[in-house]
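All values derive from a computational prediction rather than experimental measurement.
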There are 2 protein chains.
Amino acid sequence: MTDYYSSHPRFFVSVDCIIFGLKDGKLNILLTHRAFEPEMGKWSLMGGFVERDESVDDAAARVLRQLTGLDNVYMHQVGAFGRIDRDPGERVVSVAYFALLNANEADSELLRARGAQWTPVDELPELGFDHPEMIEKAREVMRRKFVTEPLAFELLPELFTLTQLQTLYELVMAQPLDKRNFRKRIAEFSCIEPTGQIDKTGSRRGARLYHYNPAVSADTFSFFKI
Amino acid sequence: MTDYYSSHPRFFVSVDCIIFGLKDGKLNILLTHRAFEPEMGKWSLMGGFVERDESVDDAAARVLRQLTGLDNVYMHQVGAFGRIDRDPGERVVSVAYFALLNANEADSELLRARGAQWTPVDELPELGFDHPEMIEKAREVMRRKFVTEPLAFELLPELFTLTQLQTLYELVMAQPLDKRNFRKRIAEFSCIEPTGQIDKTGSRRGARLYHYNPAVSADTFSFFKI
DNA sequence: TCAAAAGTGTTCAGGGTACACCCATGG
DNA sequence: CCATGGGTGTACCCTGAACACTTTTGA
């Protein structure tokens, strides 16, 4: 029975995380400055090898936790990347995941310690490996899922204004949206509930703060057609 | 530099192909009866290990070619499957691909020789490994891409009738479509060209045969909203 | 002559899209 | 008092959906 396997090669298997967060009204991703070979000195996605005692999904969650200190973060597989020479050092097959989190919740100490930095998606530096391709694919998958699933609330803080929500959709969809039409649509979703609170930081007048109630949404889904 | 890698384990990496084809007016997939361990005696997807001199994508294309004799078949990655115990024999990370082909073009000698058999998707036997999960995911991805890309023509013969095309969409979308609305939509696509020919096998009256011209379609895309 | 599939237009309603002005407040 | 962002309703058009009968021909 072992013969079935033994004539074949084994490879390192890694995971790479495309971690999205909102920062200064822009969509950012977490990049690290590599302090070791291969690709030392270049910017790259946060990654790590899959170990014996963990599934590939678990490895991705671990890498994310080690970098941000966060658990229970929304993650989704983007796909496997398996070009022969994608890693200049060794043959490595990598599985990419994207993660969505509230940038303020990430442990900034840990980020600093690991040389990680939030970078706007439209100002990415040159990246090592096949990471540009991974990011491209991740944005594509993210955009698609954004339309049909309530992913926005993974990126926003607990309480948010409708302007923040709209801006986020405009960022991800890469197109401007009509304010009145947007709010009309939102009003139909009972899962987006107004709290009594007002945010005074964004304007003189102040804006109503909403929060997302996943319990309500459960029955009312397919999300946006914007 | 090697230290960076060497402390980590290596795994077998395999590919599994979900091969879709039309057979007797139904959507079928190719299954093989396993003549060896692990999972001997069970039905399974056609798979194989990734070798040192090929990318993961290439491995999938090779496995497909070895089974069907076909090259240049439409294939698309479904994702990586990395549960620890997904293969009872060894730790194997597998990357699933779906393929679309015209069932009549597959080399039936090869299929017989390898114990492969077309099986309707709604009559699948019990399958080994995590193959049911892979098939589920593959159908989902396929359905999604079917709406926005001209994948139907990968499954149909070179010349096809509009009834065949509609039946295929109904199969994949799992819902009945209105004949007149369907044909109205088709008429808008200049890439679906009538040939002068008539198919007399499906009806007494005979039906016009069409063919797909990818050159024309290039500029006119996003496909169906059905 | 009849069974069986091919082929063909119109009507209606709902939803998406476009659009402009008043409100509240801090400085 | 004014600059800044917050908040609100209506009208139109287009597209998706529903719907039934005639044509052709082999058996």
Side-chain angles (χ1 to χ4, degrees), chain A residues 22 24-26 143 146-148 152 156-157 159-190 192-211 220-226, chain B residues 22 24-26 143 146-148 152 156-157 159-190 192-211 220-226:
Chain A
L22 282 178
D24 310 322
K26 282 183 162 185
R143 193 172 313 135
F146 226 78
V147 178
T148 53
L156 291 170
L159 298 178
F160 52 87
T161 68
L162 293 186
T163 303
Q164 283 175 312
L165 184 61
Q166 179 175 345
T167 306
L168 175 53
Y169 270 94
E170 289 177 329
L171 279 177
V172 175
M173 299 297 154
Q175 59 173 328
L177 300 174
D178 181 273
K179 186 162 60 160
R180 279 177 287 191
N181 293 338
F182 184 82
R183 285 166 185 246
K184 211 186 309 169
R185 181 74 47 69
I186 293 298
E188 292 162 10
F189 292 108
S190 49
I192 302 179
E193 304 173 333
T195 64
Q197 304 169 60
I198 304 288
D199 168 53
K200 305 285 281 187
T201 63
S203 70
R204 308 205 189 291
R205 175 173 172 177
R208 287 190 257 224
L209 284 164
Y210 289 75
H211 83 116
T220 330
F221 260 54
S222 103
F223 215 59
F224 266 77
K225 322 130 197 194
I226 294 178
Chain B
L22 282 179
D24 311 321
K26 283 184 162 183
R143 193 172 314 135
F146 225 78
V147 177
T148 54
L156 291 169
L159 298 178
F160 52 87
T161 67
L162 293 186
T163 302
Q164 283 176 311
L165 184 61
Q166 178 175 347
T167 305
L168 175 52
Y169 270 93
E170 289 177 329
L171 279 178
V172 176
M173 299 297 154
Q175 59 171 328
L177 300 173
D178 180 273
K179 186 162 62 160
R180 280 176 288 190
N181 292 339
F182 183 83
R183 284 164 185 247
K184 212 184 307 168
R185 182 76 46 70
I186 293 297
E188 291 162 11
F189 293 106
S190 49
I192 302 178
E193 303 172 334
T195 64
Q197 304 169 59
I198 303 287
D199 169 53
K200 306 285 282 187
T201 63
S203 69
R204 307 204 191 293
R205 175 173 171 176
R208 286 190 259 225
L209 284 164
Y210 288 74
H211 82 114
T220 330
F221 259 56
S222 100
F223 215 60
F224 266 77
K225 321 130 198 194
I226 293 179

**Q** Rounded to whole Å, how long is the line connecting atom CD of A/Q166 with atom C1' of D/dG5?
**A**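 My rounded result for the distance is 12 Å.
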**Q** Expressed in angstrom and rounded to an integer, what is the separation of A/L177 atom CG from C/dC19 atom P?
**A**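 Rounded to whole Å, this separation is 15 Å.
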**Q** Go through the structure and list residues passing salt bridge (Lys or Arg N to Asp or Glu O under 4.0 Å) with B/K26, not counting sequence neighbours.
**A**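 For B/K26 the salt bridge (Lys or Arg N to Asp or Glu O under 4.0 Å) partners, ignoring immediate neighbours, are B/E123.
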**Q** Look at the side-chain N and O atoms of A/R208 and state whether any lies under 4.0 Å from the OP1 or OP2 oxygen of D/dT8.
**A**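 So the side-chain polar atoms of A/R208 do come within 4.0 Å of the phosphate oxygens OP1 or OP2 of D/dT8, strictly under.
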**Q** B/Q164 or B/D178: which one's nearest nucleotide on DNA chain C is closer to the 5' end?
**A**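 Upstream on the strand: B/Q164.
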**Q** Taking side-chain contact (heavy atoms from CB on, under 4.5 Å) as the definition, give me every residue that meets it alongside B/S203, ordered by chain and number, with sequence neighbours left out.
**A**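 Applying side-chain contact (heavy atoms from CB on, under 4.5 Å) to B/S203 gives B/R205.
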**Q** May I have the distance from B/F182 (atom CZ) to D/dA18 (atom P), rounded to whole angstrom?
**A**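 Distance check: B/F182 CZ to D/dA18 P gives 16 Å.
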**Q** Without decimals, in angstroms, what is the distance between A/R183 CZ and C/dT17 P?
**A**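 Between P of C/dT17 and CZ of A/R183: 18 Å.
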**Q** Return the 5'-most residue of the pair A/R180, A/A207 with respect to DNA chain D, ranking by each residue's nearest nucleotide.
**A**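 Residue closer to the 5' terminus by nearest nucleotide: A/A207.
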**Q** Polar-atom pairs under 3.5 Å, protein N or O versus N or O of nucleotides 24-27 of chain C: list them with distances, or write none.
**A**
unit_1	atom_1	unit_2	atom_2	d
C/dT25	O3'	A/R204	O	3.4

**Q** B/I186 CD1 to C/dA6 C1': how many Å, rounded?
**A**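 Rounded to the whole Å, the gap is 15 Å.
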**Q** Would you say the side chain of B/K184 and the base of D/dT15 hold a donor-acceptor pair, judged only by whether the two atoms sit under 3.5 Å apart?
**A**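 In this structure, the two groups form no donor-acceptor pair.
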**Q** Mind checking what makes side-chain hydrogen bond (donor to acceptor under 3.5 Å, both in side chains) contact with A/E193, not counting sequence neighbours?
**A**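 Expected list: A/H211, A/N213.
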**Q** D/dG26 C1' sits how many Å from B/I198 CD1, rounded?
**A**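 Going from B/I198 (CD1) to D/dG26 (C1'), I get 15 Å.
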**Q** What residues form a side-chain contact (heavy atoms from CB on, under 4.5 Å) with A/A207, not counting sequence neighbours?
**A**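 A/A207 satisfies side-chain contact (heavy atoms from CB on, under 4.5 Å) with A/T161 only.
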**Q** Please check the phosphate of D/dG6 (OP1 and OP2 only) for any side-chain N or O of A/T163 closer than 4.0 Å.
**A**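 For D/dG6, OP1 or OP2 has a side-chain N or O of A/T163 closer than 4.0 Å.
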**Q** Could you work out, with side-chain contact (heavy atoms from CB on, under 4.5 Å) as the rule, every residue matching A/R180, not counting sequence neighbours?
**A**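 Applying side-chain contact (heavy atoms from CB on, under 4.5 Å) to A/R180 gives A/D178.
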**Q** Would you mind reading off the distance between A/L162 atom CG and D/dT8 atom C1', rounded to a whole angstrom?
**A**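 It is 12 Å, rounded to the nearest whole Å.
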**Q** Is there a side-chain contact between B/Y169 and B/L177, using heavy atoms and a 4.5 Å cut-off?
**A**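 Heavy-atom side-chain distance check passes, below 4.5 Å.
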**Q** Taking the side chain as everything from C-beta on, heavy atoms only, tell me whether A/F160 gets closer than 4.5 Å to A/T167.
**A**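 No, every pair of side-chain atoms sits at 4.5 Å or beyond.
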**Q** With a cut-off of less than 4.0 Å, is there a side-chain N or O of A/R185 near OP1 or OP2 of C/dG16?
**A**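 So the side-chain polar atoms of A/R185 do come within 4.0 Å of the phosphate oxygens OP1 or OP2 of C/dG16, strictly under.
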**Q** Whole Å only: how far is the CG atom of A/D199 from the C1' atom of D/dG5?
**A**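 Between C1' of D/dG5 and CG of A/D199: 11 Å.
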